[in-house]
Amino acid sequence: EPEVTQTPSHQVTQMGQEVILRCVPISNHLYFYWYRQILGQKVEFLVSFYNNEISEKSEIFDDQFSVERPDGSNFTLKIRSTKLEDSAMYFCASSPQADTQYFGPGTRLTVL
Amino acid sequence: KQEVTQIPAALSVPEGENLVLNCSFTDSAIYNLQWFRQDPGKGLTSLLLIQSSQREQTSGRLNASLDKSSGRSTLYIAASQPGDSATYLCAVESARQLTFGSGTQLTVLP
């Protein structure tokens with residue numbers, strides 16, 4: 001069964017550094033998402049992406065964040081200058097239409 | 001702003017019991033509602049999706065209902081098993097984004 005994959009599984013970085021989190025959505029899906037979950041807190045929506053552009057974004061998704069679909073298969077989330085409070089589990093999801101969202105296993109980001 | 005609440009926060013039951021998890025949401029203008037399972041340190045596994053026009057969905061021992069007008073959904077788990085132990089998350093979709101509850105942490109004791 002097709003799955004959403006994410007790399008790396010764990011990323012450790014220094015405050016102020018740029019990080020890129022990578023996702024490979026399910027191949028025939030059209031909608032792509034990023035969510036995050038700070039330890040012990042709710043899963044929070046960051047951004048949705050369709051037809052090569054952002055369709056919705058939350059207040060969390062400020063100018064430090066960007067998304068890209070560089071090659072038709074990968075979907076990336078870039079954080080330009082990481083802060084301590086960016087430490088969280090980041091989940092990528094995809095859906096075929098306006099339908100079930102399928103989540104990847106997540107990337108645990110630790111900012112020191 | 002949509003708010004999703006799940007009750008109870010934690011539940012411990014002996015194996016074999018039937019149980020109900022509750023989810024409520026404040027804005028009834030939703031596109032669909034999804035129930036997920038999350039194991040410790042892992043991703044989210046989709047269990048059931050109910051479209052806003054539907055009243056319930058069933059998958060194996062799971063049955064989810066939706067009352068959109070009252071802003072409520074329930075997840076019914078029949079004949080619970082130790083392997084059902086996990087956190088169950090409810091999420092509502094509107095404006096192409098999911099809003100999640102805090103989850104119910106379920107422990108099924110052998």
Side-chain angles (χ1 to χ4, degrees), chain A residues 1-7 9-10 21 23-26 29-51 53-61 67 88-110, chain B residues 1-7 9-10 21 23-27 29-54 56-59 62 64 66 73 75 86-105:
Chain A
E1 187 171 325
E3 293 180 335
V4 176
T5 59
Q6 291 185 242
T7 55
S9 56
H10 191 190
L21 309 183
C23 169
V24 179
I26 295 172
H29 286 189
L30 302 176
Y31 295 85
F32 314 110
Y33 313 83
W34 284 100
Y35 293 83
R36 78 173 186 189
Q37 186 176 33
I38 295 171
L39 188 64
Q41 297 188 21
K42 293 183 179 184
V43 177
E44 300 174 289
F45 169 77
L46 293 178
V47 65
S48 60
F49 191 86
Y50 171 73
N51 201 25
E53 60 183 26
I54 291 173
S55 51
E56 298 288 340
K57 61 182 181 179
S58 72
E59 294 171 351
I60 303 167
F61 194 87
V67 289
M89 183 75 92
Y90 287 81
F91 294 108
C92 172
S94 68
S95 63
Q97 299 281 348
D99 206 281
T100 302
Q101 293 187 26
Y102 296 89
F103 280 68
T107 293
R108 180 168 300 283
L109 177 64
T110 301
Chain B
K1 182 184 172 185
Q2 181 74 268
E3 295 287 340
V4 179
T5 303
Q6 291 188 245
I7 296 172
L21 308 181
C23 172
S24 62
F25 47 96
T26 54
D27 186 349
I30 65 168
Y31 191 80
N32 60 49
L33 183 145
Q34 218 169 329
W35 282 93
F36 293 89
R37 168 185 173 138
Q38 185 175 30
D39 292 282
K42 300 289 180 65
L44 282 66
T45 301
S46 179
L47 298 173
L48 288 165
L49 178 137
I50 311 177
Q51 299 287 359
S52 62
S53 58
Q54 296 177 318
E56 66 178 311
Q57 280 288 333
T58 298
S59 176
L62 305 180
L66 173 64
S73 176
L75 179 67
T87 296
Y88 289 80
L89 300 176
C90 165
V92 296
E93 180 172 350
S94 54
R96 298 241 50 85
Q97 58 186 274
L98 290 174
T99 303
F100 283 82
S102 298
T104 294
Q105 186 174 1

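Chain letters run A, B, ... following the sequence lines, proteins first, then strands; residues in each count from 1. Hydrogens, waters and symmetry mates are skipped; everything else that's a heavy atom, side chains included, is used.
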Margin query: For B:Phe100 together with A:Phe45, are the ring centres under 6.0 Å from each other?
Written below: no

Note to self: Donor-acceptor pair, distance only, cut-off 3.5 Å: does the side chain of B:Lys42 make one with the backbone of A:Gly106?
What the structure shows: no

Note to self: Ignoring hydrogens, what is the shortest heavy-atom contact between B:Gln34 and A:Thr100? Give both atom names and the distance.
What the structure shows: NE2-CG2, 3.1 Å

Next item on the list: Kindly compute the distance separating OG (B:Ser46) from OH (A:Tyr102), expressed to the nearest 0.5 Å.
Entry: 6.0 Å

Notebook entry, point to check: Does a sphere of radius 6.0 Å around NZ in A:Lys57 hold more than 12 heavy atoms from other residues, nucleotides or ligands, not counting ones at 6.0 Å or beyond?
Noted result: no

Next item on the list: Could you look at B:Gln97 and say if it's the side chain, the backbone, both or neither that has a heavy atom under 4.5 Å from chain A?
Entry: both

Notebook entry, point to check: Can you say whether B:Leu89 sits under 4.5 Å from chain A via the side chain, the backbone, both, or neither, judging by heavy atoms?
Noted result: side chain

Next item on the list: Compare all side-chain heavy atoms of A:Asp99 with those of B:Gln51 and state whether any distance is below 4.5 angstrom.
Entry: yes

Note to self: Looking only at heavy atoms and a cut-off of under 4.5 Å, which of B:Leu49, B:Thr99, B:Leu98, B:Thr45 has the most pairs with chain A?
What the structure shows: B:Leu98

Next item on the list: First locate atom CD of B:Glu3, then atom NZ of A:Lys42, and finally report the distance between them rounded to the nearest 0.5 Å.
Entry: 5.5 Å

Next item on the list: Among the options A:Gln101, A:Arg108, A:Glu56, A:Met89, pick out the one with the most heavy-atom pairs lying under 4.5 Å from chain B.
Entry: A:Gln101

Margin query: Within a 6.0 Å radius of atom CD on B:Gln54, are there more than 12 heavy atoms belonging to other residues, nucleotides or ligands?
Written below: yes

Next item on the list: Count the heavy-atom pairs under 4.5 Å between each of B:Ser102, B:Gly103, B:Gly41, B:Ala91 and chain A, then report the option with the highest count.
Entry: B:Ser102

Item checked: Interchain contact, A:Gln6 with chain B, by part (heavy-atom threshold 4.5 Å) -> neither

Item checked: B:Arg96 NZ/CZ over A:Tyr31 ring centroid, <6.0 Å and within 45° of normal -> yes

Note to self: Using heavy-atom distances under 4.5 Å, tell me whether A:Tyr35 contacts chain B through its side chain, its backbone, both, or neither.
What the structure shows: side chain

